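Numbering of ligands and ligand atoms starts at 1, following listing order. Predicted model only: the values in this text are computed from it and were never measured.
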Amino acid sequence: MSYTGVLANFIREKKHGDNTYFNRNFHIEPTNVCLYTCTFCSYSRLIKKREEGWEYSLEDILNIVRNYDDQPVTEVHIVGGVLPQYDVEFYSELFRQIHAHRPSLHVKALTPVEYHYMFKKAKMDYATGMRLMKEAGLDSMPGGGAEIFHPEIRDQIAGGKCSGEQWLQIHEEWHKLGMRSNATILYGHIEKYEHRVHHMQLLRELQDKTGGFQTYIPLKFRNKDNQMSHVPETTVVEDLRNYAISRIYLDNFDHLKAYWPMISRQVAQLSLSFGVDDIDGTIDDTTKIYSMAGSEEQTPAMSTRDLVDLIKKVGRKPIERDTLYGIVQDYSDHVFEGEETFKGYFSLPVVGK
Ligand code: V47
Ligand code: SF4
């Protein structure tokens, strides 16, 4: 374990030194009603219990975007359940209107789960569909919906939604357009190590082909209020080992991200010594997906100052980035308003001067 951690940290420092990236974004979840019934999902309401959930209109979503008009956010991350009214026309119009309202806001939206469903309904192939999304203003794709690619596990936990192969094909079409995306894995439930390796192998092969992935994001399975509540969660040691192995295996990915609302702030700090160079999470905002699945962070929102402190306390350099890893601000020597600069705990008399 410790050698694995040292090797992962070596690769991390070779690629990024002490730089630790974060991004100021906000999430919009258009609906929590979903046609699918993934067994790990604590978030969605079955379509037959539709009245218990929410279904935002285009105007509702644009109003959420407008609420951030005076906030220094650089990205909106849009993802939610799958429903027929959220189709190619709906999302094309949404992306267009977000850009018309705030051209500099990066739209990171939807996963192959939604795209596969929407394109099939519109009788469109993936290449045409992704081109239309790009023309409408989609800037990048988040890494969700990957779960576990191996059909032996995927059929049991995420049956009915796009297959692992289809997930990879949609990312490949997106990369062919010169665009970037992320990749996740949902680990620590009924899969075995061989399934995690198979998952990473397929990602590694596609990355060698396209170079379009930016970040790998291992998502720890949380077991509250879902159909897999009987499955115990992984230990912190296992989580750190998984980050380290991911960093070593996927050395053709530039970044490894820890999603702190899922693993707690302390484990996020530890992960920075096990290969992780990016801590994501909505800053100054909230999202419901993870609190509903049992994460320690019931309202996953942390101020920029808290996040910067968290990174500095473990000796790393906090760097605010945009979605494509352009540097927005280096916070290494930044002093927040009203903050005393650190002068040491004791003021020792200076001798000999
Ligand atoms: O695909 C759902 C996961 C994912 C649970 O690309 C769960 O920057 C754990 O992909 N326990 C969606 N995980 C979120 C996602 C993501 C998050 C942050 C950043 C980015 C990015 C992408 O959430 C789903 C699924 O794998 N998820 N339920 C659960 N009970
Ligand atoms: Fe629907 Fe996504 Fe939940 Fe699966 S994980 S039930 S696709 S919202």
Handout entry: Residue part near ligand 1, for Thr111, under 4.0 Å between non-hydrogen atoms
Key = neither
Completion exercise
Note: Pro142, heavy atoms under 4.0 Å from ligand 1, region reported as both
Practice task
Please confirm whether the backbone N or O of Leu250 pairs with a side-chain atom of Arg247, one donor and one acceptor, at under 3.5 Å?
Solution key: yes
Handout entry: Selection residues 97-117 - residue pairs positive for salt bridge (Lys or Arg N to Asp or Glu O under 4.0 Å), sequence neighbours left out
Key = Glu75-Lys108
Handout entry: His16 versus Asp278, side-chain donor and acceptor atoms under 3.5 Å
Key = no
Problem - Cys41 near atom 3 (Fe) of ligand 2 via N/O/S, less than 2.8 Å - result: yes
Problem - Arg222 N/O to ligand 1 N/O under 3.5 Å - result: yes
Practice task
Scan side-chain atoms only and decide if Thr234 and Asp239 contain a donor-acceptor pair under the 3.5 Å cut-off.
Solution key: yes
Problem - Donor + acceptor pair across side chains of Gln201, Glu205 (<3.5 Å) - result: yes
Exercise for the section: Compare Lys220, Glu75, Gln214, Glu147 and give the one whose heavy atom is closest to atom 25 (C) of ligand 1. Expected result: Glu147
Exercise for the section: Just need the protein heavy atom nearest to atom 4 (Fe) of ligand 2, so name the residue and atom and give the distance. Expected result: Cys38 SG, 2.3 Å
Handout entry: Test: Arg131 and Glu135 ion pair at under 4.0 Å
Key = yes
Practice task
Report, in ascending order of atom number, the atoms of ligand 1 lying under 4.0 Å from any heavy atom of Ser42.
Solution key: 30 (N)
Exercise for the section: Could you tell me whether the side chains of His255 and Asn182 share a donor-acceptor contact shorter than 3.5 Å? Expected result: no
Problem - Salt-bridge criterion met for Asp251 and Arg204 (N-O under 4.0 Å) - result: yes
Exercise for the section: Could you pull out the closest heavy-atom pair between Ser264 and Val267, with the gap in Å? Expected result: OG-N, 3.3 Å
Problem - Contact partition for Val79 relative to ligand 1, non-hydrogen atoms under 4.0 Å - result: neither
Exercise for the section: Just jot down the ligand 1 atoms closer than 4.0 angstrom to any heavy atom of Gly145, in number order. Expected result: 1 (O)
Problem - Atoms of ligand 1, numbered as shown, that sit under 4.0 Å from any heavy atom of Asn226 - result: 30 (N)
Handout entry: Asp333, CG: over 12 other non-hydrogen atoms inside 6.0 angstrom
Key = no
Completion exercise
With heavy atoms and a 4.0 Å threshold, my read on which part of Tyr259 contacts ligand 1 is side chain
Exercise for the section: Answer yes or no: is there an ion pair linking Glu238 with Lys220, defined by an N-O contact shorter than 4.0 Å? Expected result: no
Problem - Test item, Met228 contacting ligand 1 (heavy atom, 4.0 angstrom) - result: no
Exercise for the section: Examine the proximity of ligand 1 to Thr215 and report which part, side chain or backbone, both or neither, has a heavy atom under 4.0 Å away. Expected result: neither
Practice task
Indicate yes or no: does an N/O atom of Lys108 lie under 3.5 Å from an N/O atom of ligand 1?
Solution key: yes
Exercise for the section: Please work out whether the ring planes of Phe213 and Trp167 are parallel, tilted or perpendicular, with thresholds of 30° and 60°. Expected result: parallel
Completion exercise
Between Ile190 and Ile157, the two heavy atoms sitting closest are CD1-CG2, 3.7 Å
Problem - Nearest non-hydrogen partners of Thr304 and Arg24, listed with the distance - result: OG1-NH1, 3.3 Å
Practice task
Look only at interatomic distance and state if Gly143 has a nitrogen or oxygen under 3.5 Å from any nitrogen or oxygen of ligand 1.
Solution key: yes
Problem - salt bridge (Lys or Arg N to Asp or Glu O under 4.0 Å) partners of residues 140-159, not counting sequence neighbours, each pair once - result: Glu147-Lys161
Exercise for the section: For atom 2 (Fe) of ligand 2, grab the closest protein heavy atom and report residue, atom and distance to one decimal in Å. Expected result: Lys161 NZ, 4.3 Å
Exercise for the section: Pull out every atom of ligand 1 sitting under 4.0 Å from any heavy atom of Ile217, numbered as shown with elements. Expected result: 6 (O), 8 (O), 20 (C), 21 (C)
Exercise for the section: Indicate whether any N or O donor in one side chain lies under 3.5 Å from an N or O acceptor in the other, for Thr20 and Arg12. Expected result: yes
Completion exercise
Among non-hydrogen protein atoms, atom 5 (S) of ligand 2 lies closest to Phe40 CE1, 3.6 Å
Handout entry: Lys/Arg-Asp/Glu bridge criterion (N-O < 4.0 Å) met for Glu233, Lys224
Key = no
Problem - Numbering as shown, the atoms of ligand 1 that approach Asp280 to under 4.0 Å (heavy-atom distance) - result: 8 (O), 18 (C), 19 (C)
Problem - Leu219 N/O to ligand 1 N/O under 3.5 Å - result: no
Practice task
Answer yes or no: does an N/O atom from Phe221 fall short of 3.5 Å to an N/O atom of ligand 1?
Solution key: no
Exercise for the section: May I ask you to check if any N/O/S atom from Cys34 comes under 2.8 Å of atom 4 (Fe) of ligand 2? Expected result: no
Completion exercise
Nearest heavy atom to atom 22 (C) of ligand 1, choosing from His27, His77, Glu233, belongs to His77
Completion exercise
Within 4.0 Å of some non-hydrogen atom of Thr184, the atoms of ligand 1 are 10 (O)
Handout entry: Min heavy-atom dist Lys257 to ligand 1 below 4.0 Å
Key = yes
Practice task
Compute the minimum heavy-atom distance from Met141 to ligand 1 and say whether it is under 4.0 Å.
Solution key: no
Handout entry: For Tyr36, the ligand 2 atoms whose distance to one of its heavy atoms is below 4.0 Å
Key = 6 (S), 7 (S)
Exercise for the section: Please indicate whether any nitrogen or oxygen in Met262 is less than 3.5 Å from any nitrogen or oxygen in ligand 1. Expected result: no
Problem - Ligand-side contact atoms (ligand 1) for residue partner Asn182, heavy atom cut-off under 4.0 Å - result: 6 (O), 8 (O), 21 (C)
